[in-house]
Novice: 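Take a look at this one; I'll ask things after.
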2 protein chains.
Amino acid sequence: AGGTFLLNSPYPADQVWDKIPREVQKQIIDKKLTFYVIDAIALGKKLGLGARINMIMQTAFFIISKILPEEEAIEAIKHAITKTYGRKGEKVINMNFAAVDGARKALFKVDYPQKVTSGIAMTSPVPAHAPEFVQKVTGPIISGKGDDLPVSVFPDDGTYMTGTTQFEKRNIAVDIPVWEPELCIQCGQCSIVCPHAAILQKAYAPELLAKAPKAFKSIDATGPKFKGLKYTLQVAPEDCTGCTACVNVCPSYENKKEKTGRKAINMQLQAPLRKTEAENFAFFLTLPQTDPSLYDIGTVKGSQFVKPLFEFSGACAGCGETPYLKLMSQLFGDRALIGNATGCSSIYGGNLPTTPYTSRQDGRGPAWSNSLFEDCAEFALGMRLTVDKLQEYAFELLHKVCPEDYEAMRSADQTTQAILEEQRKRVAQLKTKLAPRRDPEAKRLLEVADYLVNKSVWGIGGDGWAYDIGYGGLDHVLASGKNVNLLVLDTEVYSNTGGQMSKSTPRGATALFAAAGKPLAKKDLAMLAMSYGNVYVARIAIGASQNQAVKAFMEAEAYPGPSIIVAYCHCIAHGIDMSHGFEEQEKAVKCGHWPLLRFNPKLIEEGKNPLSLDSKAPSITYAEYAMGENRWKSLKAIDPARAEDLGRLAQKDASLRYFVYEQLAKLSFDLGNDKK
Amino acid sequence: AGGTFLLNSPYPADQVWDKIPREVQKQIIDKKLTFYVIDAIALGKKLGLGARINMIMQTAFFIISKILPEEEAIEAIKHAITKTYGRKGEKVINMNFAAVDGARKALFKVDYPQKVTSGIAMTSPVPAHAPEFVQKVTGPIISGKGDDLPVSVFPDDGTYMTGTTQFEKRNIAVDIPVWEPELCIQCGQCSIVCPHAAILQKAYAPELLAKAPKAFKSIDATGPKFKGLKYTLQVAPEDCTGCTACVNVCPSYENKKEKTGRKAINMQLQAPLRKTEAENFAFFLTLPQTDPSLYDIGTVKGSQFVKPLFEFSGACAGCGETPYLKLMSQLFGDRALIGNATGCSSIYGGNLPTTPYTSRQDGRGPAWSNSLFEDCAEFALGMRLTVDKLQEYAFELLHKVCPEDYEAMRSADQTTQAILEEQRKRVAQLKTKLAPRRDPEAKRLLEVADYLVNKSVWGIGGDGWAYDIGYGGLDHVLASGKNVNLLVLDTEVYSNTGGQMSKSTPRGATALFAAAGKPLAKKDLAMLAMSYGNVYVARIAIGASQNQAVKAFMEAEAYPGPSIIVAYCHCIAHGIDMSHGFEEQEKAVKCGHWPLLRFNPKLIEEGKNPLSLDSKAPSITYAEYAMGENRWKSLKAIDPARAEDLGRLAQKDASLRYFVYEQLAKLSFDLGNDKK
């Protein structure tokens with residue numbers, strides 16, 4: 001009792017009391033707290049710090065805690081700022097000084113009555129419609145009461161319920177995107193980049209709007225196949241993190257020619273919109289998924305009609321990795337087995353209390369397991385071998401037990417979603433037929449019948465895994481010839497452990513263990529994989545070409561041998577404004593640092609060059625890309641001469657890289673008849 | 001007493017008794033042995049089995065041991081032959097049947113007198129001039145009395161005496177090469193391929209012949225620089241293994257045009273030559289090393305004037321690996337630090353009782369240590385970092401302690417042997433100067449002064465290390481930019497552990513774990529290394545181009561960053577006649593399976609293509625190469641259809657590999673001024 005309570009809130013001191021839930025009011029009164037309020041978000045925005053309010057809150061803490069005399073505390077903070085941010089340049093220092101000074105003025109004491117007055121009650125940690133397990137286990141953990149749970153409530157076989165992030169409404173976005181139907185060209189670009197699956201599209205029959213909430217938005221769906229249907233782009237207001245990536249990639253402006261004015265989506269304060277948009281989102285979820293026969297899943301727009309089976313993860317706002325995972329889950333999630341290297345993607349992917357991997361209406365979704373850091377590729381290979389063996393066994397049994405069904409199921413070319421779904425129907429019929437049978441082989445077939453449908457096996461991890469610690473195993477899997485798909489979420493640095501240099505870190509970039517800029521060029525993982533000749537390889541950057549990224553995923557999965565996709569992922573470790581992460585990706589491609597490519601070994605069999613170089617010759621300099629990111633800029637601040645030297649070499653790396661790829665894409669693979 | 005003794009000997013039953021040392025005669029008499037003799041070597045030769053006398057000796061064992069009735073034993077052996085060699089074809093079976101039948105006829109009982117009659121005494125295990133350690137420790141181990149040695153005679157710091165194979169005269173060759181001076185063109189080719197450093201050349205002043213044994217051969221040295229000198233090619237008769245590789249590569253025939261008749265070296269029975277040739281060899285060793293100013297060490301002939309610092313190892317007769325090690329030891333052995341992956345090369349390289357690494361007259365020679373299987377490259381990197389740090393430290397101290405010597409030593413461009421030797425002289429002078437000084441920094445400099453001379457750091461191992469188990473670390477070292485030289489002794493199989501498939505095993509070849517022929521193409525380690533762009537890469541096959549191999553070694557060592565040499569090594573695991581191993585190498589190159597190349601990143605800096613393709617377009621088919629080796633032939637015997645399929649793919653692998661390399665070697669690396 002008698003402590004001090006500081007609240008970061010958009011409401012001023014004279015309004016904030018009644019915005020607080022009753023339960024919290026009671027605690028404040030009971031504990032006789034001194035209560036302060038500050039609008040750190042508004043201040044941060046004003047000063048250009050965005051969501052980085054740590055300096056504001058720290059200053060406020062020192063002022064009200066009185067651990068040091070105020071003037072002394074301020075002086076110490078400013079000294080620390082100069083020391084910490086010295087390398088990042090004067091602008092950053094001044095912004096932080098302004099944050100300190102601003103915090104002093106934005107801090108107000110709240111005089112509150114000695115009685116509970118609020119009309120708001122604390123909401124339950126999970127909604128009432130959540131399943132029993134979520135109510136009994138997930139909810140208490142979310143509420144910080146996980147230690148009270150008995151061991152007996154946890155699954156005893158290591159499996160864990162998925163699809164639970166949807167029940168944890170974090171409401172962390174200050175602003176959320178708001179759709180302007182009339183400006184929208186229904187391209188799906190905002191949806192594909194959203195790192196949190198918080199902006200979704202559906203096309204549906206107009207009569208379904210009958211039960212829609214008043215505020216629910218819709219417009220006529222465009223495109224010949226969608227004639228007569230309605231289209232809605234819907235934000236999940238309580239799951240959105242406010243990263244603004246969607247708005248920044250939206251290509252549709254009010255003034256189309258000048259590209260100015262409102263866009264088809266624009267950021268607005270979340271709080272006033274929360275309730276109506278939450279209702280809209282709930283209604284949106286009741287609409288059926290768009291009929292798959294109306295779109296091509298292998299396109300940007302088409303892929304975004306599929307429900308993401310990876311949603312609302314705890315990744316950083318604006319994360320550059322999660323859009324790839326989400327896309328993969330849309331394209332193949334219904335049949336995916338994922339081995340995931342330890343790292344960011346295993347943390348936000350296999351997090352507790354809630355997990356972002358989820359399932360379709362029919363319960364199909366990715367099976368996911370965390371490997372060690374170093375053995376992700378081998379781990380996925382193990383999944384592949386297991387699946388292959390079980391499928392082989394299932395077909396053997398089928399041949400004995402129901403020979404009449406064998407031919408149709410064995411010959412099904414399970415390379416498209418439609419044919420896969422047909423095979424699933426056959427399996428369902430088979431199961432019905434098998435259920436009453438008592439012969440041991442029929443019983444066994446019933447157990448393994450699901451393996452008659454092809455699975456999609458993925459090994460996923462970061463560059464620390466793929467380029468460094470797990471590279472030996474990754475190489476072994478590439479050499480195995482087995483149908484394993486590897487997805488490298490390349491942030492060019494060990495992101496999850498705090499930003500250490502990896503073999504993927506580009507020349508001149510700073511990182512832990514490379515404070516003076518990495519002296520050597522980035523390892524070319526795509527080139528290494530291409531050297532095998534029987535590995536499908538793609539290098540993609542969804543910010544540079546969404547289209548090429550989707551194509552690469554489709555081809556990689558369809559290729560019957562090993563595939564590797566190296567995906568550029570912008571990251572907070574790069575020292576960038578994350579709302580513009582996808583534009584950074586585009587620059588990386590435009591300067592030649594990250595040439596987009598697809599290498600399809602099937603073309604070699606046809607005597608064609610397997611390499612397709614999918615990005616154009618460099619149109620900006622390396623510096624134009626690099627100097628927008630603190631990982632390079634900071635070297636310039638501390639050692640301009642070295643930055644200049646490394647910059648020149650990095651420019652040459654990029655120029656030469658593109659130049660060589662350009663020529664490689666033109667090599668002949670036609671041996672001619674005499675040489676074959 | 002009363003046992004049976006079987007001796008494999010060239011002497012018949014009525015002559016053998018007096019060829020046996022007295023000590024052995026006494027034992028035979030004392031133990032009342034029944035004594036049999038067989039000339040298995042002569043029989044093996046006659047039947048085309050060469051030195052493979054196991055079946056002959058086994059049959060003899062069963063006949064005289066009477067474990068089974070003779071007829072029953074013979075039947076069982078023949079049954080086992082059919083089972084064991086069935087896969088290798090009828091010819092092999094018949095040869096072994098003939099060995100069994102031949103053994104019965106070649107086995108004779110020796111009637112011996114009941115007294116010692118021999119004029120021969122057992123020789124000491126090591127010669128009298130061997131150093132004390134060899135006398136006291138090595139000798140007893142060679143004699144099988146190692147268990148009697150006290151622990152105290154062994155070095156307590158882990159270092160071990162090198163250069164001891166020279167004292168273990170194994171005398172295992174049935175035939176040895178004999179030089180015909182008049183036919184010899186003094187090319188050095190026999191010397192460079194000798195796996196055991198048992199054939200050496202020197203050019204020397206004629207007056208040195210004054211003290212030569214009568215039988216010592218010499219001839220006028222050819223070549224302008226050698227005018228007035230004599231030349232001798234000398235065999236080490238007791239160290240030669242009789243592999244015949246030297247004779248098979250000798251290009252000089254009696255009938256030059258038809259390439260028929262005697263060669264400049266020819267095999268002859270060793271026994272009659274042993275004594276005189278041993279004397280000749282001893283005299284040859286007393287001749288001074290040829291003056292280095294007379295030859296270019298970076299040539300085949302020149303390199304063979306340097307004393308091998310790797311000699312007389314316990315590797316298989318005709319080993320395909322050891323010629324590369326020997327060459328490396330000739331070129332850089334005086335300053336080499338070697339980390340050696342576990343495998344064949346660590347077994348014969350760090351063997352006991354005797355070790356093949358040795359030193360020059362002045363005591364300089366390779367420092368060698370065995371790494372684990374998996375971390376050889378990292379192990380060598382550690383050596384590099386240590387050496388670099390010590391050199392840096394030595395120069396720092398030099399600058400303080402003897403500033404007057406600093407400039408000359410710091411600026412010495414230690415890239416040629418001659419300049420290195422000059423630097424050594426400077427170091428010797430410096431040490432003399434430092435010796436009397438008592439200031440701590442002078443004392444410290446004295447300790448590290450040897451590091452003022454550059455070292456040559458090598459990581460050496462087989463394909464199991466480089467392609468598979470140690471590849472992750474090898475890749476890390478390639479990416480490090482550090483001056484580490486990696487030598488991959490590529491037998492395309494795990495040779496030392498019994499012949500398991502590695503990622504280097506070519507398509508269609510059989511191996512353990514690939515009994516049905518490896519289905520996938522060989523991993524292209526050279527291509528992988530080239531993708532870095534700052535790694536010196538060479539692919540060599542000394543049997544195809546000795547010249548290119550020597551060049552590659554010289555360039556790799558001179559390159560200031562990481563280097564990797566992938567060297568084709570024929571191996572007993574290939575199922576070939578080892579005397580023709582170097583011809584197999586040549587075929588591997590001629591069919592396009594093993595394109596020779598050198599990739600020098602320095603050329604990129606000059607805007608030139610770094611890749612030099614050093615072998616010509618395929619001139620024989622893949623089958624012409626492969627069908628000469630049991631690893632492929634055996635598949636044809638057990639599964640001709642699969643052998644055909646894999647053969648076709650392997651042919652395409654080879655054709656396409658060469659075709660792509662050919663184009664890669666023509667790519668432009670000239671960015672032009674506008675792109676730089």
Side-chain angles (χ1 to χ4, degrees), chain A residues 374 467-476 478-482 502-504 518-534 561-562 592 604-605 607 609 617-618 648 651-664 666-672 674-676, chain B residues 374 467-476 478-482 502-504 518-534 561-562 592 604-605 607 609 617-618 648 651-664 666-672 674-676:
Chain A
E374 68 273 21
Y467 286 70
D468 284 7
I469 294 178
Y471 175 61
L474 181 139
D475 173 75
H476 209 72
L478 294 183
S480 74
K482 297 291 176 190
S502 82
K503 289 207 279 287
S504 172
K518 191 178 169 213
L520 293 168
K522 179 186 172 79
K523 171 172 168 175
D524 192 339
L525 188 58
M527 183 81 92
L528 287 162
M530 279 159 51
S531 86
Y532 271 100
N534 66 336
I604 300 180
E605 290 164 30
N609 189 311
R648 202 168 6 84
Q651 172 68 61
K652 202 178 166 188
D653 291 341
S655 302
L656 199 57
R657 184 176 300 127
Y658 191 90
F659 185 52
V660 170
Y661 271 108
E662 208 173 18
Q663 296 178 75
L664 291 179
K666 290 177 191 158
L667 295 190
S668 165
F669 280 72
D670 182 5
L671 282 172
D674 53 329
K675 288 184 180 174
K676 266 171 200 162
Chain B
E374 68 272 21
Y467 286 70
D468 284 7
I469 295 179
Y471 175 61
L474 182 139
D475 172 76
H476 209 72
L478 294 184
S480 74
K482 297 292 176 190
S502 82
K503 290 208 280 286
S504 172
K518 192 178 169 213
L520 293 168
K522 179 186 174 78
K523 171 172 168 176
D524 192 340
L525 187 60
M527 184 80 93
L528 288 162
M530 279 160 50
S531 86
Y532 271 101
N534 66 337
I604 300 179
E605 288 164 30
N609 189 311
R648 202 168 5 83
Q651 173 66 62
K652 202 177 167 189
D653 292 340
S655 303
L656 198 58
R657 184 176 300 125
Y658 191 90
F659 186 52
V660 169
Y661 270 108
E662 207 173 20
Q663 296 177 75
L664 291 179
K666 290 177 191 157
L667 295 189
S668 166
F669 280 73
D670 182 6
L671 283 170
D674 52 328
K675 286 184 182 173
K676 268 171 198 161

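Just so you know, these numbers come straight off a predicted model, no measurement behind them. Below, chain A is the first sequence line, B the second, and so on; all start at residue 1.
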Novice: Chain A heavy atoms under 4.5 Å from I604(B): which part of the residue, side chain, backbone, both or neither?
Specialist: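 Contact with chain A is through both the backbone and side chain of I604(B).
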Novice: Can you name the nearest heavy-atom pair linking S480(B) to L520(A), along with the distance?
Specialist: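 For S480(B) and L520(A), the tightest heavy-atom pair comes out as O-CD1, 3.1 Å.
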Novice: Below 4.5 Å from any heavy atom of chain A, which atoms of K523(B) appear? Answer side chain, backbone, both or neither.
Specialist: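 Looking at K523(B), backbone and side chain both touch chain A.
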Novice: Which bit of A479(A) is near chain B, if near means a heavy-atom gap under 4.5 Å: side chain, backbone, both or neither?
Specialist: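 Contact with chain B is through both the backbone and side chain of A479(A).
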Novice: At a heavy-atom separation under 4.5 Å, does F669(B) approach chain A through its side chain, its backbone, both, or neither?
Specialist: both
Novice: Using a 4.5 angstrom heavy-atom cutoff, name the option from S668(A), G472(A), G481(A) with the most pairs to chain B.
Specialist: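 Result: the option with the highest number of such pairs is S668(A).
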Novice: What part of D475(A) is in contact with chain B, defined as an atom under 4.5 angstrom from a non-hydrogen atom: side chain, backbone, both or neither?
Specialist: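 Both parts, heavy atoms under 4.5 Å.
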Novice: For S531(A) versus M527(B), what's the shortest heavy-atom pair and its separation?
Specialist: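 Minimum heavy-atom separation between S531(A) and M527(B): CB-CG, 3.4 Å.
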Novice: Determine the minimum heavy-atom distance between L671(B) and K652(A), stating which atoms define it.
Specialist: CD1-CG, 4.1 Å
Novice: Say you draw a straight line from CG of D524(A) to CG of L528(B); how long is it, rounded to the nearest 0.5 Å?
Specialist: 11.0 Å
Novice: Let me know if D653(B) has heavy atoms under 4.5 Å from chain A in its side chain, its backbone, both or neither.
Specialist: neither
